[in-house]
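Bear in mind the structure is a predicted one, so any value in this text is a computation, not a measurement.
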Amino acid sequence: MILSKLFQNKKAVYSFEIFPPKPTAELSAVQNTIRELSALSPDYISVTCSAGGSNNAGTAGIAKLVKECGVEPLAHVTCLHSDKAAVEAALAELSRNGVQNILALRGDRIEGRPLSPDFRYASDLVSFIRAQGYAFDIAAACYPEGHPESENVREDIRNLKIKVDAGVSHLNTQLFFDNEDFFRFMELCGVAGIDVPVQAGVMPLVKKNHVDRIVALSGGKIPAKISRMISRFYDKPEALMEAGIAYATEQIIDLLTSGAAGVHLYVMNNTYVARKITENIGYILGELNQQ
Ligand code: FAD
């Protein structure tokens, strides 16, 4: 099923993001992860790929496993270090694997890799996919706090409009912890004439190594509530896990009751976290989708 149909039919779309295992990992581990996540009945599962495009093959294979488990996959495709031929090959493989939905991304720069001669921005990739005549439904990324390379959110939204107009049918946001950033972003998108559904990206902060990475990436934009949680439970893994799940649950309920088109959960292949949050919000999701 193409995801734009889903957004037409549902008030609140709920999905997970997973990443392919390292080439050295056992495939059975990720198969179990996908089975357990599928049993939670998300609307779709997205599968990441590296900016080098090197595990695009992994992405296509994992997306196929998702489909075999009865859940619609959304396959990420990056372009910053790939030429047209490499992207075309990735698209052809996804198409052969029955994938109908693509998240078109520029990708993050990999030191030492030559840049693509063909693609500079994700919007170039969106136009390319459309020009190839594939029937893929195309999603793209957006940034409630502004993309780090942009001067400010308004400039980023001007560029986002170019990307959406190239043929994007829904947007998934970068993770954020303060819902006010999302609400402000939605207002600015409205002013800019961006009217495709925007799904809010939520990442439960449940592990010390996530905390370290996110704190480094966010450049200090961590709400005081989360800072307190981190400093209190940094060395108490079980408490951090439960506190992170509780924070994400509260964040999601606020997003859903405020009318977000859906929530995309960055579950980092952690089925325990996905299950607990799905149990917490399941009733509310069901209610919203019956209205
Ligand atoms: P773009 O839309 O091209 O934007 C990048 C920058 O260029 C922005 O600052 C934008 O304002 C600017 N820009 C865009 N168009 C123009 C223009 N016409 N003129 C001037 N400036 C312009 N990375 C991965 O490697 N693999 C993944 O699987 C992956 N999944 C992701 C999923 C989500 C939901 C999100 C939010 C991000 C994901 N990323 C992933 C990270 C993403 O690749 C990086 O954030 C990357 O730096 C930007 O990608 P983009 O597609 O948003 O780029």
Over all heavy atoms of both residues, which pair between [X] and [Y] is shortest? Give the atoms and the distance, please.
| X | Y | value |
| --- | --- | --- |
| Ala141 | Leu160 | O-CD1, 3.8 Å |
| Leu80 | Gly107 | CD2-O, 3.7 Å |
| Gly244 | Met229 | CA-CE, 3.8 Å |
| Val66 | Ile34 | CA-CG2, 3.8 Å |
| Thr257 | Asp254 | OG1-O, 3.2 Å |
| Ser38 | Cys69 | OG-CB, 3.3 Å |

Measure up the Phe182 and Phe185 rings against each other and bin them: parallel (under 30°), tilted (30 to 60°), perpendicular (over 60°).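 The arrangement is tilted - the two ring planes meet at 30° to 60°.
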
Evaluate the salt bridge (Lys or Arg N to Asp or Glu O under 4.0 Å) criterion for residues Arg106 and Glu149: first the C-alpha distance (whole Å), next the side-chain angles of each, then the deciding distance (0.1 Å), finally the verdict. CA-CA 13 Å; Arg106 187 196 72 176; Glu149 290 166 34; 2.8 Å; yes

So which of Ile162, Asp165, Ile138 actually passes side chain to side chain contact (heavy atoms under 4.5 Å, CB included) with Val126?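 Testing each of Ile162, Asp165, Ile138 against Val126, the sole residue satisfying side chain to side chain contact (heavy atoms under 4.5 Å, CB included) is Ile138.
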
Side chain to side chain contact (heavy atoms under 4.5 Å, CB included) partner of Tyr266, chosen from Ile18, Leu175, Thr48, Val273: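 Testing Tyr266 for a side chain to side chain contact (heavy atoms under 4.5 Å, CB included) against Ile18, Leu175, Thr48, Val273 leaves exactly one candidate, Leu175.
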
Sub-3.5 Å donor-acceptor pair from the side chain of [X] to the main-chain atoms of [Y], do we have one?
| X | Y | result |
| --- | --- | --- |
| Asn101 | Leu3 | yes |
| Thr173 | Cys142 | no |
| Gln199 | Val263 | yes |
| Gln251 | Phe176 | yes |
| Asn289 | Ala12 | yes |
| Asn172 | Gly201 | no |
| Asp43 | Ser15 | no |
| Arg130 | Gly167 | yes |
| Asp156 | Ser150 | no |

Would [X] end up clustered with [Y] when hydrophobic side chains under 4.5 Å apart are linked, directly or stepwise?
| X | Y | answer |
| --- | --- | --- |
| Val13 | Ile277 | no |
| Val267 | Leu103 | no |
| Val71 | Ile102 | yes |
| Leu256 | Leu6 | no |
| Leu74 | Val47 | no |

What distance separates [X] [atom1] from [Y] [atom2], expressed to the nearest 0.5 Å?
| X | Y | atom1 | atom2 | answer |
| --- | --- | --- | --- | --- |
| Met241 | Phe233 | CE | CZ | 13.5 Å |
| Thr33 | Ile45 | OG1 | CD1 | 10.0 Å |
| Lys163 | Asp124 | NZ | CG | 11.0 Å |
| Arg228 | Ile230 | CZ | CD1 | 11.5 Å |
| Leu105 | Tyr121 | CG | OH | 16.0 Å |
| Leu188 | Asn152 | CG | CG | 10.0 Å |

Below 4.0 angstrom, N of the basic side chain to O of the carboxylate: do [X] and [Y] qualify?
| X | Y | answer |
| --- | --- | --- |
| Arg184 | Glu180 | no |
| Glu72 | Lys5 | no |
| Lys208 | Asp235 | yes |

Please evaluate residues Gln174 and His147 with respect to the criterion side-chain contact (heavy atoms from CB on, under 4.5 Å), reporting the C-alpha separation (whole Å), side-chain torsions for both, the decisive distance (0.1 Å), and the verdict. CA-CA 9 Å; Gln174 180 61 287; His147 185 268; over 6 Å; no

Find out whether [X] and [Y] are in side-chain contact, i.e. whether some heavy atom of one side chain is under 4.5 Å from a heavy atom of the other.
| X | Y | value |
| --- | --- | --- |
| Leu265 | Pro204 | yes |
| Met203 | Met268 | yes |
| Pro73 | Leu65 | no |
| Pro42 | Leu37 | no |
| Val198 | Phe7 | no |
| Leu205 | Tyr247 | no |
| Leu288 | Lys10 | no |

So for atom [atom1], which belongs to [X], do other residues, nucleotides or ligands contribute more than 12 heavy atoms lying within a distance under 6.0 Å?
| X | atom1 | result |
| --- | --- | --- |
| Lys67 | NZ | yes |
| Gln291 | CD | yes |
| Glu242 | CD | yes |

Test applied, ring-ring contact (aromatic ring centres under 6.0 Å, His included); reference residue, His264; option that passes from Tyr14, Phe16, Tyr44: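 It is Tyr44; the other options fail the test.
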
Check step by step if side-chain hydrogen bond (donor to acceptor under 3.5 Å, both in side chains) holds for His170 and Ser4. CA-CA 7 Å; His170 94 261; Ser4 38; over 6 Å; no

Could you go step by step and tell me if Tyr272 and Glu36 meet the side-chain hydrogen bond (donor to acceptor under 3.5 Å, both in side chains) rule? CA-CA 9 Å; Tyr272 174 78; Glu36 286 175 39; over 6 Å; no

Using the rule given for side-chain contact (heavy atoms from CB on, under 4.5 Å), can you reason through Phe183 versus Leu255, listing the C-alpha separation, both sets of side-chain angles and the distance that settles it, and then say yes or no? CA-CA 9 Å; Phe183 300 140; Leu255 287 164; 4.2 Å; yes

Could you walk me through whether Leu171 and Ile194 pass side-chain contact (heavy atoms from CB on, under 4.5 Å), step by step? CA-CA 10 Å; Leu171 293 167; Ile194 294 171; 4.1 Å; yes

Run the side-chain hydrogen bond (donor to acceptor under 3.5 Å, both in side chains) check on Gln132 and Glu88 step by step: do they pass? CA-CA 8 Å; Gln132 294 312 100; Glu88 171 62 41; 2.8 Å; yes

Derivation and outcome, side-chain contact (heavy atoms from CB on, under 4.5 Å), residues Asp137 and Gln100: CA-CA 6 Å; Asp137 207 60; Gln100 292 177 278; 6.0 Å; no

